[in-house]
Amino acid sequence: MTSETQDEVNFASQTWVWLPDKEKIFIKGYIVEELKQNQVKVRCEDAAVDKIENKDFLEKVNPPKFDKCDDMASLTYLNEPSVLYNLKLRYMDNLIYTYSGLFLVAINPYQDINIYNRDFVELYNSNSAAGNDDKIQKPHIFGIAEKALQQLIKDKKNQSILVTGESGAGKTENTKKIIQYITTVISSTSSQNSNSKSNTNFNFDEKILEANPILESFGNSQTVKNNNSSRFGKFIKLSINPNTKNLTGANIEWYLLEKSRAVHQNSNERNYHIFYQLLNGLSDGEMAALQLTRSVKHYNYLKNSNSQIPGVDDKKEFKNLVKALKTINFSTIEMANIFKILAIILLLGNIEFKNFNDDKQAILLDSSPIAMNNCLKILF
Ligand SMILES: Nc1ncnc2c1ncn2[C@@H]1O[C@H](COP(=O)(O)OP(=O)(O)OP(=O)(O)O)[C@@H](O)[C@H]1O
């Protein structure tokens, strides 16, 4: 008898249930005695003493053959503890994706796991030799992207992928993986058919991928929940010609940007990444021209925030931003103007008003004329 069959036999010999637990949320046990008034005595796997519980509050445990199942819709008993248990078992094996019927559940691994490389793209790409239907069934964000592509091409109908979850759940990262997958698969298809280079120096798909560092610099920030929290919602639209399988356009709509963060942040949070990237990434000459100094402590809009995020190099991120801006055809003058505006925002933050006088005119604090003067120097 194999150990799996033995597990099934052991399981079948008892009535297994999930018990609510203050510390572990749910623990597994089996009923050893039926008592009066719907009460049962339960022997728990991890507890020294048996527990008396009302049977109505207990959920059933699935047989071991369902452990680490790919799709939780297949569970015999679909209840909260069984779902959490299955997700936990899978997560411990680095299986961060699990289907729940039509939905894909993703658990944030908070570390790089090697499941997004070219080999994985090929596994899910139905046009490649490695791709086949069986592999597409294995839960993965690439599987969702592939399915949307296939349905677009087959049915010629618009497809939507909704990525949702609490802050830090991994929405931004998974959205990037979807775009990475689609641009890889589509560009490889289109380059077989035609020349995919546009009339600029960069491929269209490179431009789409490079939009992300720009959005993140200006719209993401460190919060207590997430070091790279998107402070806005976005709707990304990729236009794909289902006949030629070419990427023909892309458009990002953003909404609900947290504007107040530019002037105020809660403790242990930061302003938008761009300000720290600017102060670390500009050359000494550029800093002088923009009347800036490097320390965040010199700016009211930054001085209460962390100057650094562990593991993040703002200078390097600034380089990436400049590269991304160039990729999507921002000219040197346009970039310089953006940096001017950012510098002016920081300097305006140093202009402080002391209340209003009797004539309802604002009175500037002593240091403010210098800040105003600096703003004017940048502008003219
Ligand atoms: N699949 C993944 N692999 C490795 N790390 C990940 C993955 N998903 C998320 N992370 C890590 O978790 C962090 C938070 O994820 P992400 O920014 O995607 O969350 P979010 O849901 O978009 O949060 P918010 O709503 O605050 O913007 C990432 O910066 C990254 O470090």
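Just follow the structure's listing: the first ligand is 1, and inside any ligand the first atom is 1. This is a predicted model, so every value here is computed, not measured. All heavy atoms count here, side chains included; hydrogens, waters and symmetry mates do not.
The shortest N or O to N or O distance between S167 and ligand 1 is under 3.5 Å.
Taking the side chain as every heavy atom from C-beta outward, Y116 and I141 approach each other to under 4.5 Å. Using a 4.5 Å heavy-atom threshold, the side chains of E269 and R261 count as touching.
In this structure, the protein non-hydrogen atom closest to atom 4 (C) of ligand 1 is Q111 O, 3.1 Å. The single protein non-hydrogen atom nearest to atom 30 (C) of ligand 1 is E173 CG, 4.0 Å, given as residue, atom name and distance. The single protein non-hydrogen atom nearest to atom 27 (O) of ligand 1 is S230 N, 2.7 Å, given as residue, atom name and distance. Protein heavy atom nearest atom 25 (O) of ligand 1, with residue, atom name and distance: K171 NZ, 2.8 Å.
Between the side chain of Y30 and the backbone N or O of F11, no donor-acceptor pair lies under 3.5 Å.
Here atom 3 (N) of ligand 1 lies nearest to P109 when heavy atoms of G168, G170, A106, P109 are compared. If you check each of T164, I96, N108 against atom 7 (C) of ligand 1, the one with the closest non-hydrogen atom is N108.
Proximity to S229 (heavy-atom distance under 4.0 Å) selects the following atoms of ligand 1: 24 (P), 26 (O), 27 (O).
Atom 1 (N) of ligand 1 is approached by the protein to below 4.0 angstrom, counting heavy atoms only.
In this structure, E166 counts as a contact residue of ligand 1, since one of its heavy atoms falls inside 4.0 Å of the ligand.
Only side-chain heavy atoms of Y116 come within less than 4.0 Å of ligand 1; its backbone N, CA, C and O stay farther off. Under 4.0 angstrom from ligand 1, the non-hydrogen atoms of T172 come from both its backbone and its side chain.
Checked by atom type, the side-chain pair N228/N220 shows a donor-acceptor distance below 3.5 Å.
Applying the 6.0 Å contact sphere to CD of Q111 captures more than 12 heavy atoms from other residues, nucleotides or ligands.
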Begin from the C-alpha positions of K237 and E253 and carry the test salt bridge (charged side-chain N to carboxylate O under 4.0 Å, His left out) through to its verdict. CA-CA 8 Å; K237 197 157 110 184; E253 274 175 45; 5.8 Å; no
